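Notes to accompany the following structure.
As the structure is a prediction and not an experimental result, all values here were calculated from the model.
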Amino acid sequence: MKWLTWPLRLIGFLLWYAWELVLSNAAVTRDVLTPGQGSSPIVVRYRTRCRSEFETVLLSVLITLTPGTLTLATVARTRGGADGPAVDVGTGDDGAPGTEGYDIFVHAMYSDGPQDARSGLREMETHMLNGIRPGGGPR
């Protein structure tokens with residue numbers, strides 16, 4: 001029955017994202033208009049819970065659209081190579097066999113370290129997946 005609430009969850013996600021855009025714009029504007037440097041840039045690798053290329057691309061676009069963050073790369077993780085390096089395997093839109101999931105590399109301007117950046121990315125991903133999946137959020 002979760003699919004019945006899907007339109008409301010999608011609207012809720014869009015409103016949440018709009019508010020996040022306002023907050024991140026305010027942070028960047030404050031940093032630009034005040035003396036000194038308030039940013040603490042970092043690059044992190046984030047292991048997504050996205051099941052398809054569509055979800056991964058959407059998350060990457062949302063990250064890049066948010067001021068102060070930028071998606072640098074997206075790679076698919078191969079099955080059987082969980083401990084090894086991620087390999088770009090070029091799968092279909094349905095997360096075709098051979099992939100275990102996706103990793104994204106993100107440049108964040110305002111974070112208190114890798115864990116803080118990853119927790120912000122996880123929050124965005126959770127809201128996005130809950131909003132776009134008719135059957136509900138992350139696994």
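- Nearest heavy atoms, G113 versus I42: C-CD1, 3.7 Å.
- Applying the ring pair (Phe, Tyr, Trp, His ring centres under 6.0 Å) test to pairs two or more places apart or on separate chains, those with a residue in residues 115-138 are W16-H127.
- A donor-acceptor pair under 3.5 Å links the side-chain atoms of T48 to the main chain of Y102, judged by distance alone.
- Without hydrogens or angle criteria, R47 side chain to D103 main chain gives no donor-acceptor distance under 3.5 Å.
- Atom CH2 of W6 sits about 12.0 Å away from atom CG of N130, to the nearest 0.5 Å.
- No single ILVMFWY cluster, assembled from side-chain heavy atoms under 4.5 Å apart, contains both M109 and L70.
- If you chain together hydrophobic residues whose side chains sit under 4.5 Å apart, F54 and L14 fall into the same group.
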Discussion item. Applying salt bridge (Lys or Arg N to Asp or Glu O under 4.0 Å) to R133 and E55, what does each step give before you reach the verdict?
Written reply: CA-CA 9 Å; R133 289 182 180 167; E55 291 175 350; 2.8 Å; yes
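- In terms of heavy-atom proximity, S111 sits nearest to S40 at O-OG, 2.6 Å.
- For residues 103-125, no residue pair satisfies the ring pair (Phe, Tyr, Trp, His ring centres under 6.0 Å) rule, not counting sequence neighbours.
- In the hydrophobic clustering of ILVMFWY residues, with side-chain heavy atoms under 4.5 Å counting as a link, L121 and L21 come out together.
- Side-chain contact of R30 with T34: a donor-acceptor pair under 3.5 Å is absent, judged by distance alone.
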Item to complete: Begin with the C-alpha distance, continue with both residues' side-chain angles, and end with the deciding distance and a verdict on side-chain contact (heavy atoms from CB on, under 4.5 Å) for E125 and R49.
Response: CA-CA 8 Å; E125 181 187 31; R49 294 168 289 161; 3.2 Å; yes
Item to complete: Evaluate the criterion side-chain contact (heavy atoms from CB on, under 4.5 Å) for residue pair C50 and M128; output intermediate values, then yes/no.
Response: CA-CA 10 Å; C50 297; M128 182 203 73; 4.2 Å; yes
Listed pairs under 3.5 Å, donor-acceptor, residues 56-67 side chains, sequence neighbours left out:
unit_1 : atom_1 : unit_2 : atom_2 : d
T56    : OG1    : S52    : O      : 2.9
S60    : OG     : T56    : O      : 2.9
S60    : OG     : T74    : OG1    : 3.3
T64    : OG1    : S60    : O      : 3.0
T64    : OG1    : T71    : N      : 3.2
T64    : OG1    : T71    : OG1    : 3.4
T66    : OG1    : Y17    : OH     : 3.0
T66    : OG1    : L62    : O      : 2.8

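- Note that CG of D31 and OG1 of T29 are 9.5 Å apart. Values are rounded to the nearest 0.5 Å.
- Linking ILVMFWY side-chain heavy atoms closer than 4.5 Å, directly or via other members, places I104 and I132 in a single hydrophobic cluster.
- Sorted by first and then second residue, the side chain to side chain donor-acceptor pair (under 3.5 Å) pairs with a member in residues 115-124 read Q115-R118; sequence neighbours excluded.
- The side-chain hydrogen bond (donor to acceptor under 3.5 Å, both in side chains) test applied to S39 returns Q37, not counting sequence neighbours.
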